[in-house]
Participant: 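Dropping the structure in here first, questions after.
Quick caveat, the model's predicted, so the values are computed rather than measured. Within every chain, numbering begins at 1; the chains are lettered A, B, ... in the order of the sequence lines, protein sequences first and strands thereafter.
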2 protein chains.
Amino acid sequence: MTTQKLMKDSYLLEEQVGFILRQVSQRHAALFMARMGEDITPMQWAAMAKLHEVGPTSQNLLGRMTAMDAATIKGVADRLMKREFIGTTSDALDARRRLIALTDEGRAFVLKHYDAAFEISRETVAPLDPDECKTFIRLLEKLR
Amino acid sequence: MTTQKLMKDSYLLEEQVGFILRQVSQRHAALFMARMGEDITPMQWAAMAKLHEVGPTSQNLLGRMTAMDAATIKGVADRLMKREFIGTTSDALDARRRLIALTDEGRAFVLKHYDAAFEISRETVAPLDPDECKTFIRLLEKLR
DNA sequence: GTCAGATCATTTGCATACAAACAAACGAGG
DNA sequence: CCTCGTTTGTTTGTATGCAAATGATCTGAC
C-alpha cells in the first residue's frame, strides 16, 4: 500500500488554463498593437468591424454582438463618436433607442485596415501548423 | 478560368481567434467569480498563489511571474496589503527592493481556497473530453 | 573610482471590464 | 387603459491593463 492518490498535485500557476489563456490573449493584444495600435484599439476595431458586418444597430445590441456589457460599449461608442467614425440616429419606432451606424469616414477606415486585421488573426495562430490550427479553433469554440 | 482566389472571405468577428479567445476568457472569469468572487479577484489570487509557490520576492519579479506589468502589480499588491494578506520587508542587499511575502492570514486564505481554484480550472475545460483537453492545453501553450 | 545603462518602484493618463442602481420607454396581460 | 416586468441607455465605483515618464539605486565596463 502506498499513499498514491492521497497526495494532490501542487497548484502551479503556469499550468492553470486560465493563466495560459491570459498570456495568449496578451500576445494577441501585442500583435494587434504592433499592426494597428497607432490607429485604433482592439475593442474599438471589434465594434466597427461588427457594424460593418451587420449595418446600423442599437448600442446595447452592438454590445451583445461584440461581447461587451452595456457600460463598456458605452465608453467604446463615445470614443468612436468623438473621432466621427460612427454616428447616431433616433429610432422612429422606439424612443429609447439610438441607432448607431458607421460614417463614411468610419467605413473607409474599416476597409483600409481590413487586411491588417486578417493578418493579426493569422499571426496569432502562426506557431501552429494548419492541422493544429483547425483543431485548436474547434476546441476553443467548444469553450466559449 | 474563374475568379477563384481573387475573392477574399469576409472578416467575420465571430471567426477571429482573438474574439473567441476573449469570450473563453470571459467564461473563465465568470466561473472564477461564481466560486471565489465573494472573496478575491482573479489577479489577486494569481499573485497570492505565485507567492505561495515561490516564497518572498520583489514586487516587479512577482509581476513578471504573474504576467502583470509594473503598474498593474502595484495596484494588486496595494489591495492585498490593505487586506493584510501580504506584507513587505526591506531588502538588505538592495535598497530599491521591497520583499513581498504572504502573511499567516494570507497563507491560510490560499490553503482554504486551494480546492476551489483547482475546480475552476477543471470547470473551464469541462466541455472537452480528456483527450481533447490534453490537445487543447498543448496547442494553447504553443501560442503563449 | 566613475559613469552610462539597466533595474526597481511609483505615478499619470487612458481604455477596458463589470456589478449595481436608475430613469425613461416599451409591451403584453388583464 | 393600466400596470408589471423587460429593455435601453446612463452613471458610479472598483479593478485591471499598459504606455510613458520619473527618481533612486545598482552594476558592469573602462
Side-chain angles (χ1 to χ4, degrees), chain A residues 18-19 21-34 36-48 57-83 86 88-100, chain B residues 18-19 21-34 36-48 57-83 86 88-100:
Chain A
F19 183 70
L21 269 172
R22 201 165 89 74
Q23 289 185 295
V24 175
S25 294
Q26 282 179 329
R27 177 166 157 276
H28 175 263
L31 293 172
F32 188 103
M33 281 315 188
M36 301 178 64
E38 300 284 304
D39 298 326
I40 203 167
T41 68
M43 302 317 292
Q44 289 171 25
W45 171 258
M48 292 185 69
T57 44
S58 74
Q59 185 175 283
N60 277 10
L61 184 52
L62 180 60
R64 253 171 274 138
M65 291 188 292
T66 53
M68 302 181 218
D69 80 354
T72 301
I73 190 65
K74 170 69 160 68
V76 171
D78 283 351
R79 288 182 281 277
L80 288 175
M81 206 89 78
K82 189 179 296 178
R83 292 180 66 178
I86 62 176
T88 60
T89 324
S90 54
D91 185 336
L93 300 177
D94 189 336
R96 295 168 306 174
R97 291 197 188 193
R98 307 240 64 206
L99 268 311
I100 295 183
Chain B
F19 183 70
L21 269 172
R22 201 164 90 74
Q23 289 186 296
V24 175
S25 295
Q26 282 179 329
R27 176 167 158 276
H28 175 263
L31 293 172
F32 189 101
M33 281 317 188
M36 302 179 62
E38 299 284 305
D39 299 327
I40 203 168
T41 67
M43 302 316 291
Q44 289 171 24
W45 172 258
M48 292 185 69
T57 45
S58 73
Q59 184 176 283
N60 275 11
L61 184 53
L62 180 59
R64 253 171 274 137
M65 292 189 293
T66 52
M68 303 184 217
D69 80 353
T72 301
I73 190 66
K74 171 69 159 70
V76 171
D78 283 352
R79 287 181 282 276
L80 288 175
M81 206 88 78
K82 189 177 297 176
R83 292 179 67 178
I86 63 176
T88 59
T89 325
S90 54
D91 184 337
L93 300 176
D94 189 335
R96 295 167 305 176
R97 291 197 187 192
R98 309 238 66 211
L99 268 310
I100 296 182

Participant: Using the salt bridge (charged side-chain N to carboxylate O under 4.0 Å, His left out) rule, collect all pairs that involve residues 61-79 of chain A, keeping only residues at least two apart or in two chains.
Facilitator: A:Lys74-A:Asp78
Participant: For DNA chain D, note the earliest and the latest nucleotide, 5' to 3', having some atom under 4.0 Å of a heavy atom belonging to chain B.
Facilitator: D:dA15 to D:dC26
Participant: Might you work through the side chain to side chain contact (heavy atoms under 4.5 Å, CB included) test for A:Arg98 and A:Ser58, ending with a clear yes or no?
Facilitator: CA-CA 6 Å; A:Arg98 307 240 64 206; A:Ser58 74; over 6 Å; no
Participant: Going by side-chain hydrogen bond (donor to acceptor under 3.5 Å, both in side chains), name the residues that satisfy it together with B:Gln23, two or more places apart in sequence or in a different chain.
Facilitator: A:Arg144
Participant: Taking side-chain hydrogen bond (donor to acceptor under 3.5 Å, both in side chains) as the test, write out the residues that go with B:Arg96, two or more places apart.
Facilitator: B:Asp94
Participant: So A:Met43 and B:Arg22, do their side chains get closer than 4.5 Å, heavy atoms only?
Facilitator: yes
Participant: Identify, residue by residue, the members of residues 74-83 of chain B with a heavy atom below 4.0 Å from DNA chain D, and return them in order of residue number, or none.
Facilitator: B:Val76, B:Arg79
Participant: Holding to side-chain hydrogen bond (donor to acceptor under 3.5 Å, both in side chains), I want the full list of residues that pass it with A:Thr89, two or more places apart in sequence or in another chain.
Facilitator: none
Participant: By side chain to side chain contact (heavy atoms under 4.5 Å, CB included), which residues pair with A:Ser25, not counting sequence neighbours?
Facilitator: B:Leu21, B:Ser25
Participant: What are the two closest heavy atoms between B:Ala47 and B:Val76, and how far apart are they?
Facilitator: CB-CG1, 4.1 Å
Participant: Do A:Thr66 and A:Trp45 have side-chain heavy atoms sitting under 4.5 Å apart?
Facilitator: no
Participant: More 5' along DNA chain D: A:Leu99 or B:Pro42, using each one's nearest nucleotide?
Facilitator: A:Leu99
Participant: Rounded to whole angstrom units, what separation is found between the CZ atom of A:Phe32 and the C1' atom of C:dA15?
Facilitator: 13 Å
Participant: Give the B/S/- string for nucleotides 17-26 of chain C, one per nucleotide from 5' to 3', where a protein heavy atom under 4.0 Å of the base yields B, of only the sugar-phosphate yields S, and otherwise -.
Facilitator: BBB----BBS
Participant: For A:Ala29, give me all partners under side chain to side chain contact (heavy atoms under 4.5 Å, CB included), at least two apart in sequence or on another chain.
Facilitator: none
Participant: Which residues satisfy the side chain to side chain contact (heavy atoms under 4.5 Å, CB included) test with B:Leu31, sequence neighbours excluded?
Facilitator: B:Arg27, B:Glu123, B:Thr124
Participant: Can you name the closest pair of heavy atoms from A:Ala70 and A:Asn60 and give their distance?
Facilitator: CB-OD1, 4.0 Å
Participant: As a test of understanding, state which of A:Thr88, A:Leu61, A:Asp91 forms a side chain to side chain contact (heavy atoms under 4.5 Å, CB included) with A:Leu99.
Facilitator: A:Asp91
Participant: Any sub-3.5 Å donor-acceptor pair from B:Gln26's side-chain atoms to A:Ala67's backbone N or O?
Facilitator: yes
Participant: Find the bend of the helix from C:dG1-D:dC30 to C:dG30-D:dC1 as the angle between its two terminal axes (five pairs each), to the nearest 10°.
Facilitator: 20°
Participant: Which parts of residues 57-65 of chain B get close to DNA chain D, meaning a heavy atom less than 4.0 angstrom away?
Facilitator: none
Participant: Of all heavy-atom pairs between B:Ile100 and B:Ala77, which one has the smallest distance, and what is that distance?
Facilitator: CD1-CB, 4.3 Å
